Number of protein chains: 2
Amino acid sequence: MGLTKTEIFTLEQNQISSIAKVFGHPARVAILQHLFKIDSCICGDLVDEIGLAQPTISQHLKELKKIGLIKGNITGTSICYCIDKENWSKMKTILTVFLDQDIIDSNNCC
Amino acid sequence: MGLTKTEIFTLEQNQISSIAKVFGHPARVAILQHLFKIDSCICGDLVDEIGLAQPTISQHLKELKKIGLIKGNITGTSICYCIDKENWSKMKTILTVFLDQDIIDSNNCC
DNA sequence: TTATTATATTGCAATATTACGATTAAATAT
DNA sequence: ATATTTAATCGTAATATTGCAATATAATAA
């Protein structure tokens, strides 16, 4: 065990949880916020900015890249990361549909 | 290790990631969707509905309760669960601020 | 070529999560 | 009192995640 039973859930449920999982670590939230804040691309000072070791940041970047929220651009020895705006927008739509559900205000027991 | 360094992040970053973490499992997404769909409270048929063992569902409910997204109401031998609308709304605000960030469309390298 | 710089990968230890069988607890029914 | 029903808790196995030191890789500089 320790293995999520993905196959018993809908595509939508798996999509929502996959996206949310990536947001489920403060370092990844911090990275994304920083990429949004800087109006140009950030070229690797995330390690100083956030305060985790370089391999750790690299690992978090990998997960953000894997799900498509950021993309990197090689410039010399460094890599420029930025938000993938198109995918960010798609992701936002998926999450917003979930968050904007609303309850019929009747027959509630609590 | 294996331990998130909460102390180096802002309250907001930790709040966002805590909420997202709870959404980071399809079973919890499914539970929330079901509680939204049913106009009255569901009283424990979540086990049949979702297809995980009773202790597993109970564990997921506990996490949803811990963060305040649902609340339970004892009626006889069963328990009625429903969305905590006030907290859902608060949570939505926190996440929406994060999701609605936008990039100044300049100086981007990628 | 030989540094230097920047990032990725590997390997590993510590901790967390997921899932469920077995059991317990608490309320109702007989 | 004794079942029955429903949900929580305990214990445990399997897997995942987090974090970092060490190392590798890849591009540029000297």
Side-chain angles (χ1 to χ4, degrees), chain A residues 1-9 13-14 17-31 34-35 41-67 70-82 109-110, chain B residues 1-9 13-14 17-31 34-35 41-67 70-82 109-110:
Chain A
M1 293 122 204
L3 198 153
T4 297
K5 290 192 166 176
T6 314
E7 69 280 3
I8 67 171
F9 300 103
Q13 286 159 353
N14 283 313
S17 61
S18 295
I19 297 165
K21 206 172 184 181
V22 173
F23 292 146
H25 194 287
R28 292 190 289 266
V29 171
I31 289 171
H34 194 69
L35 290 179
C41 273
I42 186 78
C43 301
D45 44 15
L46 284 162
V47 174
D48 306 321
E49 182 69 23
I50 289 174
L52 289 170
Q54 181 268 322
T56 310
I57 296 292
S58 192
Q59 199 174 281
H60 285 304
L61 286 170
K62 198 178 175 183
E63 284 177 75
L64 289 167
K65 234 183 304 175
K66 199 176 67 186
I67 207 161
I70 65 172
K71 48 187 174 178
N73 203 353
I74 300 168
T75 37
T77 55
S78 59
I79 294 181
C80 242
Y81 282 108
C82 62
C109 63
C110 41
Chain B
M1 291 122 203
L3 196 154
T4 297
K5 290 192 166 177
T6 314
E7 69 281 4
I8 67 170
F9 300 103
Q13 286 159 352
N14 283 312
S17 60
S18 297
I19 297 165
K21 206 171 184 181
V22 173
F23 291 146
H25 194 288
R28 293 190 288 267
V29 170
I31 288 171
H34 193 71
L35 290 180
C41 274
I42 183 82
C43 301
D45 44 15
L46 284 164
V47 175
D48 305 322
E49 182 68 26
I50 290 175
L52 288 171
Q54 181 266 320
T56 308
I57 296 291
S58 194
Q59 201 173 281
H60 285 305
L61 286 170
K62 199 178 175 182
E63 284 177 76
L64 289 167
K65 234 184 303 175
K66 199 176 65 185
I67 208 161
I70 63 170
K71 46 187 176 178
N73 203 353
I74 302 168
T75 38
T77 55
S78 58
I79 295 183
C80 242
Y81 282 106
C82 61
C109 63
C110 41

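Side-chain atoms are counted along with the backbone in the values below, which use heavy atoms only and exclude waters and symmetry mates. These figures come from a predicted structure and were not determined experimentally. Chain A is the first sequence line, chain B the second, and so forth, proteins listed ahead of strands; every chain is numbered from 1.
Heavy atoms only, all atoms of each residue included: I8(B) and G51(A) are closest at CD1-O, 3.8 Å.
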Under-3.5 Å N/O pairs linking protein and nucleotides 1-10 of chain C:
unit_1 : atom_1 : unit_2 : atom_2 : d
dA6(C) : O4'    : T77(A) : O      : 3.4
dA6(C) : O4'    : T77(A) : OG1    : 3.4
dT7(C) : OP1    : C43(A) : O      : 2.8
dT7(C) : OP1    : I79(A) : N      : 3.4
dA8(C) : OP1    : Y81(A) : OH     : 2.3
dA8(C) : OP2    : S58(A) : OG     : 2.9
dA8(C) : N7     : Q54(A) : NE2    : 2.7
dA8(C) : N6     : Q54(A) : OE1    : 3.0

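E63(A) pairs by the side chain to side chain donor-acceptor pair (under 3.5 Å) definition with R28(A), not counting sequence neighbours. Qualifying side chain to side chain donor-acceptor pair (under 3.5 Å) partners for K65(B), counting only residues two or more places apart in sequence or in other chains: Y81(B). Checked against salt bridge (Lys or Arg N to Asp or Glu O under 4.0 Å), E49(B) has no partners two or more places apart in sequence or in another chain. Applying the side chain to side chain contact (heavy atoms under 4.5 Å, CB included) criterion to K71(B), with sequence neighbours excluded, gives C110(A), C82(B), D84(B).
Atoms CZ (F9(A)) and P (dA19(C)) sit 6 Å apart, rounded to a whole Å. Whole-Å rounding puts the L52(B) CG to dA7(D) P distance at 15 Å. Straight-line distance from the CG atom of L3(B) to the P atom of dC20(D): 11 Å, rounded to whole Å.
Using modelled atom types, one side-chain atom of S17(A) and one backbone atom of Q13(A) make a donor-acceptor pair closer than 3.5 Å. At least one donor-acceptor pair closer than 3.5 Å links the side chain of S18(B) to the backbone N or O of N14(B).
If you check every strand for non-hydrogen atoms under 4.0 Å, I74(A) touches nothing.
Taking the nucleotide of DNA chain D with the nearest heavy atom to each of E63(A) and G76(A), the more 5' of the two is matched to E63(A).
In the region residues 17-30 of chain B, proximity to DNA chain D at under 4.0 angstrom, judged on heavy atoms, holds for none of the residues.
One finds a side-chain N or O of H60(B) lying less than 4.0 angstrom from the OP1 or OP2 phosphate oxygen of dA19(C).
Annotation: side chain of T4(A) is in contact with side chain of P26(B) (closest heavy-atom distance under 4.5 Å).
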